[in-house]
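Just below is one structure, and these are the notes that go with it.
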Amino acid sequence: MTQEVSKKPMDAIMALCKRRGFIYQASEIYGGINGFWDYGPMGAQLKKNLRDAWWQDMILRPCWGRNGPNGRPVRNVGLETCVIQHPKVWEASGHVGGFNDPMVDDKETKGRYRYDHVMVFVPENGDPGDKPVFAYVGDQPSEAKQKKKAEKTFGAVKSVALSTIPQPWTRVIGPEAEKPGTLTEPRMFNLMFDTIPGAIRDEANKAYLRPETAQGVFVQFKNVVDTTRVKIPFGIGNTGRSFRNEVTPRNFTFRSREFEQAELEFFCHPSESLEWYKFWRDFRMEWWKEIGLAGENLILREHEKDELSHYSLGTSDVEYRFPFTSPGFGELEGIAHRGDYDLTQHQKVSGAKLDFFDTDRGEILPNGGKKGERYLPHCIEPAAGLDRGALALICEGYTRDDSRASPEFLKLHPRVAPIKAAVFPLVAKDGMPEVAEKLHAELNDKFWKLGGIEMDEKQSIGKRYARMDEIGTPFCITIDGDTMSQQIVTIRDRDTAQQQKVSLDKVGAFLSEKLGV
RNA sequence: GCGGGUGUAGCUCAGUGGUAGAGCGUCAGCCUUCCAAGCUGAAUGUCGGGGGUUCAAAUCCCCUCGCCCGCUCCA
């Protein structure tokens, strides 16, 4: 049932993406490569428009000029950091330590442990017979708990490494588990791509392709503070490619191994961090609605306590109901309260001082100034996936209406539509092409920075409308008999196919209003 | 990672051992005063890839890659 509902629209969407130049498989003529996708002319512009919209609404004019919870305008600055960073960056962030080692999962408790950290209590003589043995992690609550249980079962016990027990571990009870046999075999999680900078190949120089853009911000936090007169609270935005060796690339571009992120790290005083977290969570949800995901397919989901990272005070996801996740949802953006975890880590690993001296805080001095306060800021991170965003815009916009002459169309918001408008002579004669060409040139001069303005005089008017519908062009402007006699054009709306008459010299103003410029 | 499905023109697909096809789209010309209309013509194929069987393979066999679905995974 779900298959029937979800599969067909996705197939049609993927066919349209290919047919009209939105998304191609990477290296297609060589058979494709798992987890990588390219954008065609339409897709490249769509994604660029989305990225620009993010940058405009987050960096150039944050939150549409709105005030933050402190009653002042929100201030953010931009940054662009390298895909390749010093390998220690990923040690500090926890990406190397956590995911390059073999891990065992507990299917019962969903716990995950480093294979080499898991120990097991077995009887002193080493032979448990047909009784279960008790796994634990040293210095964790599981150690005492499991020891007690083991002693109750066997009397005297000793401790051995999990690796000394032959697999499968059908009699091993996981550290937090109740039943035996729920630990999986150890698996290597090699989720970061690596590479070797330097002309001479030497494993010792191994570096990683970043799995997220965020760390570049933390690493440059001090430079930004020292050189740009920013004061807390403020944010640093960073967009760009990231790379993850996804276990299972799946669902079109949704889980790609190379993808683009748009992340903001917003730094604030610990006492205000919860307010800022809520502020960003709500704004980001509103933003996605504003650029076209206004329907019921978009939700904001607050993470449960047990989903949170150990350092996080709160995380929510903006999620979209894609055809392939339906009736469930897939993550578009995560808004995380990261506390001071990252700055603390980088401070520790690098040895650099990353705290902030806040001259707006502290007790008031006799001269009227403030004493200041030195602290490590807390960070709120709205981290969006641009490829997922673009895919969501396409899925949300994809509409099929068999009562129309052009049944398939993309209802893209004018701000993100790759082509903003098209000019057609109704017929290629009677002087119409010349007028159309003139209008096209005029509109192009005015709007080229926003996206394409097209001109098409080939074939029937119906086909031209249909083509524009499929790539989501919001407006088609037709030069017809009325234009020739009265200087009036016909503008057709993509979504309703309704037409309205507009004076030829007002077309620019009409588009300006509709495109919000 | 496991299991199922699938791969032939830009798209949708037919073609079960004997000359690679259709519809749509695309392009050109004609026609055309508002919705993939009509007429004429044209271009476009590593039949996913490699190997094998055969006089002959899109078709049979083996291997492999991609995509889709379900589990799994998801820092």
Side-chain angles (χ1 to χ4, degrees), chain A residues 2-8 10-21 24-37 40 90 93-101 103 105 107 110 112 184-185 187-192 210-212 214-215 242-255 257 307 309 323-325 330-331 334 336 383 401-409 424-432 457-470 476-485 489-494 496-499 501:
Chain A
T2 339
Q3 228 178 359
E4 290 303 305
V5 182
S6 63
K7 189 168 180 282
K8 285 185 178 171
M10 206 54 216
D11 285 351
I13 289 167
M14 289 170 69
L16 187 147
C17 281
K18 170 84 183 281
R19 184 168 73 240
R20 290 301 178 190
Y24 309 129
Q25 199 177 4
S27 307
E28 192 184 278
I29 62 170
Y30 289 99
I33 175 163
N34 195 356
F36 297 89
W37 299 88
W90 310 111
S93 69
H95 287 87
V96 173
F99 302 99
N100 255 351
D101 298 302
M103 310 288 281
D105 291 334
K107 286 185 278 194
K110 307 292 180 204
R112 170 170 288 171
T184 65
E185 76 279 14
R187 281 178 288 199
M188 200 68 166
F189 282 76
N190 228 344
L191 295 171
M192 280 194 293
R210 67 180 170 201
E212 62 176 28
Q215 296 304 323
S242 293
F243 303 80
R244 297 181 192 183
N245 245 328
E246 297 291 353
V247 179
T248 317
R250 192 65 79 81
N251 291 330
F252 203 20
T253 60
F254 183 78
R255 181 162 289 140
R257 288 179 164 152
E307 275 183 279
S309 314
F324 49 79
T325 59
E331 183 185 345
D401 178 352
D402 286 306
S403 70
R404 286 169 53 125
S406 53
E408 280 182 292
F409 59 111
F424 304 149
L426 182 56
V427 291
K429 61 175 189 185
D430 300 341
M432 292 181 196
E457 58 175 54
K458 297 290 184 188
Q459 296 169 318
S460 72
I461 189 80
K463 283 192 186 186
R464 286 178 272 164
Y465 283 146
R467 276 194 287 256
M468 287 299 147
D469 283 346
E470 281 199 346
C476 290
I477 301 149
T478 301
I479 305 303
D480 52 26
D482 289 348
T483 318
M484 306 314 288
S485 60
V489 301
T490 302
I491 300 184
R492 170 185 176 276
D493 180 86
R494 173 197 64 205
T496 62
Q498 295 298 305
Q499 303 186 331
K501 296 288 188 178

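It should be emphasised that the depicted structure is a prediction, and the values quoted were computed from it without experimental measurement. Order of the sequence lines fixes the chain letters, A, B, ..., with proteins taken first and strands second; residue numbering starts at 1 for each chain. Values below: all heavy atoms of this structure, side chains included; hydrogens, waters and symmetry mates excluded.
No engagement by A:Arg464 is indicated, since no non-hydrogen atom pair under 4.0 Å with the nucleic acid exists. If you check every strand for non-hydrogen atoms under 4.0 Å, A:Gly481 touches a base. When heavy atoms are screened at a 4.0 angstrom cut-off, A:Asp480 is found touching base atoms of the nucleic acid. Residue contacts shown for A:Gln25 are limited to sugar-phosphate atoms, with no base heavy atom under 4.0 Å away. Within the 4.0 angstrom heavy-atom criterion, no nucleotide atom of any strand lies near A:Phe424. Within 4.0 Å of A:Ala15, counting heavy atoms only, lie sugar-phosphate atoms of the nucleic acid but no base atom. Among the protein residues, A:Gly35 comes within range of the sugar-phosphate backbone only, with heavy atoms under 4.0 Å from sugar or phosphate atoms but none that close to a base.
Rounded to an integer number of Å, the gap from A:Arg250 CZ to B:rG4 P is 14 Å. For the pair A:Gln459 CD and B:rG41 P, the interatomic distance rounds to 17 Å; values are reported in whole Å. The distance from atom CG of A:Asp401 to atom P of B:rC35 is 16 Å, rounded to the nearest whole Å. Regarding A:Arg19, its CZ atom lies at a distance of 12 Å from the P atom of B:rC13, rounded to whole Å. Remark: C1' of B:rG29 and NZ of A:Lys458 are 9 Å apart, rounded to the nearest angstrom. Rounding to whole angstrom units, CZ of residue A:Arg467 and P of B:rC27 are separated by 6 Å. Counting to the nearest Å, the C1' atom of B:rC73 and the CG atom of A:Leu191 are 9 Å from each other. Between the CD atom of A:Glu28 and the P atom of B:rA9 there is a distance of 10 Å, rounded to whole Å.
If you check distances only, the side chain of A:Thr490 does reach the base of B:rC34 with a donor-acceptor pair under 3.5 Å. For A:Glu470 against B:rA36, a side-chain N or O and a base N or O form a donor-acceptor pair under 3.5 Å. Residue side chain A:Arg492 does not reach the base of B:rC34 through any donor-acceptor N/O pair under 3.5 Å, judged by distance alone. In the interface, the side chain of A:Tyr30 is not paired with the base of B:rC65 through any donor and acceptor atom under 3.5 Å apart.
With P as the reference atom, B:rA75 and B:rG15 are 45 Å apart, rounded to whole Å. For the C1' atoms, the distance linking B:rG38 with B:rG21 amounts to 25 Å, nearest Å. Separating the P atom of B:rC73 from that of B:rC24 is a span of 48 Å, rounded to the nearest Å. B:rC11 and B:rG7 have their C1' atoms separated by 14 Å, with the value rounded to a whole Å. A gap of 31 Å separates the P atoms of B:rA57 and B:rA42, to the nearest Å. Of the C1' atoms belonging to B:rU53 and B:rU59, the separation is 13 Å, rounded to the nearest Å. Using atom C1' as the reference point in both B:rC65 and B:rG51, the two lie 14 Å apart (nearest Å). With C1' as the reference atom, B:rA43 and B:rG25 are 13 Å apart, rounded to whole Å.
Nearest to the side-chain atoms of A:Ile29 among the listed nucleotides B:rG25, B:rU46, B:rC35 stands B:rU46. Side-chain proximity of A:Gln499 to B:rC11, B:rC35, B:rA36: nearest is B:rC35. In this structure, of B:rC34, B:rA36, B:rA75, it is B:rC34 that holds the atom nearest to the side chain of A:Leu426.
A salt bridge links A:Lys18 with A:Glu28; the closest basic N to acidic carboxylate O contact falls under 4.0 Å.
When Watson-Crick and G-U wobble pairs are counted only if both distances are under 3.5 Å, B:rG18 pairs with B:rC55. Nucleotide B:rC35 is matched to nothing when pairs are restricted to Watson-Crick or G-U wobble geometry with both distances under 3.5 angstrom. Nucleotide B:rC2 is matched to B:rG70 when pairs are restricted to Watson-Crick or G-U wobble geometry with both distances under 3.5 angstrom.
Counting heavy atoms from C-beta on, the side chains of A:Thr478 and A:Arg492 never come closer than 4.5 Å. Residues A:Ile479 and A:Glu457 fail the side-chain proximity criterion, which asks for heavy atoms closer than 4.5 Å. Under the 4.5 Å side-chain criterion, counting only non-hydrogen atoms from C-beta, A:Tyr465 is in contact with A:Cys476.
Mapping A:Ile33 and A:Asn251 onto RNA chain B via the closest heavy atom, the residue that lands nearer the 5' end is A:Ile33. When each of A:Lys429 and A:Arg20 is assigned the nucleotide of RNA chain B with its nearest heavy atom, A:Lys429 is the one assigned upstream, toward the 5' end.
By the 6.0 Å and 45° rule, A:Arg404 stacks over the aromatic ring of A:Phe409.
Between A:Lys463 and the phosphate of B:rA37, there is a side-chain N or O to OP1/OP2 separation shorter than 4.0 Å. Between B:rG10 and A:Lys18, no contact under 4.0 Å exists linking OP1 or OP2 to a side-chain N or O.
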Fill in: side chain to side chain contact (heavy atoms under 4.5 Å, CB included) evaluation trace for A:Arg244 with A:Glu212
CA-CA 9 Å; A:Arg244 297 181 192 183; A:Glu212 62 176 28; 4.1 Å; yes

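Between the side chain of A:Arg464 and the backbone N or O of A:Gln459 there is at least one donor-acceptor pair closer than 3.5 Å.
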